Amino acid sequence: MSELSLSLPQSLPIRDEADVIVLGGGPGGLGSAIAAARHGADVLLVEHYGFLGGMATAGEVNPFMPNHLEKESLDTGIFEEWLERMGTYGGQRGSSRTFDPQAARLAAEDLCKEAGVRLLYHHRLAHSEYSDNRINGIVLHSKSGLSAAQAKQYIDSTGDADLAAMSGCEFNFGNDAGDPHVQPMTLCFKLLLDENDISEGKDPGNYLREINDQIQDAYHRAQDEGRTSNPRENVLMFRGVEDKVVHFNSTRIIHKSSVNGEELSEAEIEGRKQLRELIEILRAEVPLFKNSKLYSIAPQIGIRESRRIVGRYTVTLDDYRRGRTYEDGIARVTYPVDIHNPNGTGTYFIKLPQGAWYEIPYRSLIPTNINNMLVACRAVSADHGTHSSLRVMPPVCSIGQAAGTAAAFAVRDNKDVSDIDGSVIRDQLIKDGRNLVTDAPEMTCPNLDDPERAGMEYNHGADRKPKVLTA
Ligand SMILES: Cc1cc2nc3c(=O)[nH]c(=O)nc-3n(C[C@H](O)[C@H](O)[C@H](O)COP(=O)(O)OP(=O)(O)OC[C@H]3O[C@@H](n4cnc5c(N)ncnc54)[C@H](O)[C@@H]3O)c2cc1C
């Protein structure tokens, strides 16, 4: 391969300074930036897009998955405030967790501005300068070219652990059995139903359930006849905020990495190909969609998984199954293991028994080689299985709230985040209204050998029909 010699600058003036720089304004970055600012730090939030929300907005992912014990949210705090604020813009379906991505953008920006977070949009992390286990500064890229920024503490909320990777942190990619492929990407989109296609008196949302077999049969026929390249087992749909809008989380792009620029570009093209195919199938074969219109396509393809850092503690499936708790537990999760098959058809679930949950310890946010950075996004230190549970937006936002609190404490005490005692952060989070418990006993969740658990683990759609696996 021929080479281009470069004349890039060897140094740059430091244009932006802050106590804490948060990279990425998705659910993790929001929780981080707002919490750090509320605890007195001068915070700069750097975001690649011109708006906040990450996958909730740029990826048009919907709805917020429940992370609840009975009706009790485990994500009280900044996440619930965000949702509530969306409601004030009319951006929530009733009291459900279905939301409007436009309202999500506004609500996120409101909360950041009110907390005093400085927002820097349209800037992307390009480089990290690190030595002696500390980040000394970072380089950003924007329309102005390259610029340098410096903070006392950094929070990587890029979802892909970009800052961690650029700072030499160890990470895992793929499953724990050596398969290098991560969960597939999905381009989300919405269709607007035409009034003439809806039978009189029918509520489109409930109606969808009634005609579900018709939709799935049409899709399976198209798969069998080679009219779509989508390997997903079924059409996954949700009601939109508006009655006549149907949200599709249904494309499946496998064997592409979101941290490989060319593959990410290819994934967008494949996602839109599958979208075109699905719309054609639905319009031609399902009367409800005959005259439906394209309502929205997410600005970017949805990324479920990429790098997972190696931190001071790695949360594993064993911890998940046992409902493990920690002195430095900073978030509680009950959402199931939910792995969309990285290699094709099927979605694998392991549900915890009713009322069971596990914790994320503060140590899983701390990389092993850098002291002044936390990773507060889906890329925390966890194995492939547990990642698929904790990655949903509410707990990721709560993880961010813990990271931001810790970063502010580090600045206040003139320490690095790696020296912060996670149990102190947990206590502070409880004071700040997070739904955590002190001295939580380790749970005795029945493990897979327990007959009670039969049917809790299943691979939905491996043969395109729900199938119960016995352990
Ligand atoms: C198709 C799909 C469906 C899903 N379904 C659901 C669901 O129904 N419910 C649910 O709760 N969760 C769902 N999830 C999971 C959830 O959306 C993500 O795991 C979650 O958004 C992760 O949050 P995050 O903050 O870690 O990363 P992200 O939401 O990805 O946010 C990262 C942010 O960082 C910015 N960024 C990235 N790199 C850089 C850089 N180098 N420089 C500057 N900025 C950068 C991005 O622009 C983005 O704003 C789904 C995910 C996908 C992909």
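Please read these numbers as outputs of a predicted model, since none were measured by experiment. Remember, it's 1-based here, ligands and their atoms both numbered in the order they're listed.
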With sequence neighbours left out, the residues meeting side-chain contact (heavy atoms from CB on, under 4.5 Å) with Ser229 are Glu270, Lys273, Gln274, Glu277
How far is [atom] from its nearest protein heavy atom, and which residue and atom is that?
atom: atom 15 (C) of ligand 1; value: Arg391 O, 3.6 Å
atom: atom 42 (N) of ligand 1; value: Leu125 N, 3.0 Å
atom: atom 3 (C) of ligand 1; value: Asn249 ND2, 3.4 Å
atom: atom 45 (C) of ligand 1; value: His48 CB, 3.8 Å
atom: atom 27 (O) of ligand 1; value: Arg378 NH1, 3.4 Å
atom: atom 8 (O) of ligand 1; value: Pro63 O, 2.9 Å
atom: atom 49 (O) of ligand 1; value: Glu47 OE1, 2.6 Å

For residues 99-109, the side chain to side chain donor-acceptor pair (under 3.5 Å) pairs (sequence neighbours left out) are Glu109-Tyr121
Atoms of ligand 1 close to [X] [distance to a heavy atom under 4.0 angstrom, numbered from 1]:
X: Val396; answer: 23 (O), 24 (P), 25 (O), 26 (O)
X: Arg124; answer: 40 (C), 41 (N), 42 (N), 43 (C)
X: Ser157; answer: 32 (C), 33 (C), 34 (O)
X: Gly28; answer: 25 (O)
X: Gly54; answer: 29 (O), 31 (O), 48 (C), 49 (O)
X: Met55; answer: 17 (O), 21 (O), 28 (P), 29 (O), 30 (O)
X: Tyr49; answer: 47 (O)

Query - Any Pro394 heavy atom less than 4.0 Å from ligand 1 - result: yes
Run down the list [options] and name the one with the heavy atom closest to [atom].
atom: atom 1 (C) of ligand 1; options: Leu163, Leu140, Asn67, Thr186; value: Thr186
atom: atom 43 (C) of ligand 1; options: His387, Arg97, His123, Met166; value: His123
atom: atom 23 (O) of ligand 1; options: Gly53, Pro27, Pro66; value: Pro27
atom: atom 5 (N) of ligand 1; options: Asn62, Val259, Ile303, Val61; value: Val61
atom: atom 36 (N) of ligand 1; options: Leu120, Thr158, Leu236; value: Thr158

Taking the inter-plane angle between the rings of Tyr326 and Tyr313 on a 0 to 90° scale, is it parallel (under 30°), tilted (30 to 60°) or perpendicular (over 60°)? perpendicular
Nearest heavy-atom approach of Arg232 to Arg252 is NH1-NH2, 3.3 Å
* Taking the six-membered ring for Trp, is the centroid-to-centroid distance between Phe64 and Phe79 below 6.0 Å? -> yes
Less than 6.0 angstrom from the centroid, inside 45 degrees of the normal: does Arg307 satisfy that with respect to the ring of Phe171? yes
Worksheet entry | Donor-acceptor pair between Gln223 and Thr228 side chains, under 3.5 angstrom | no
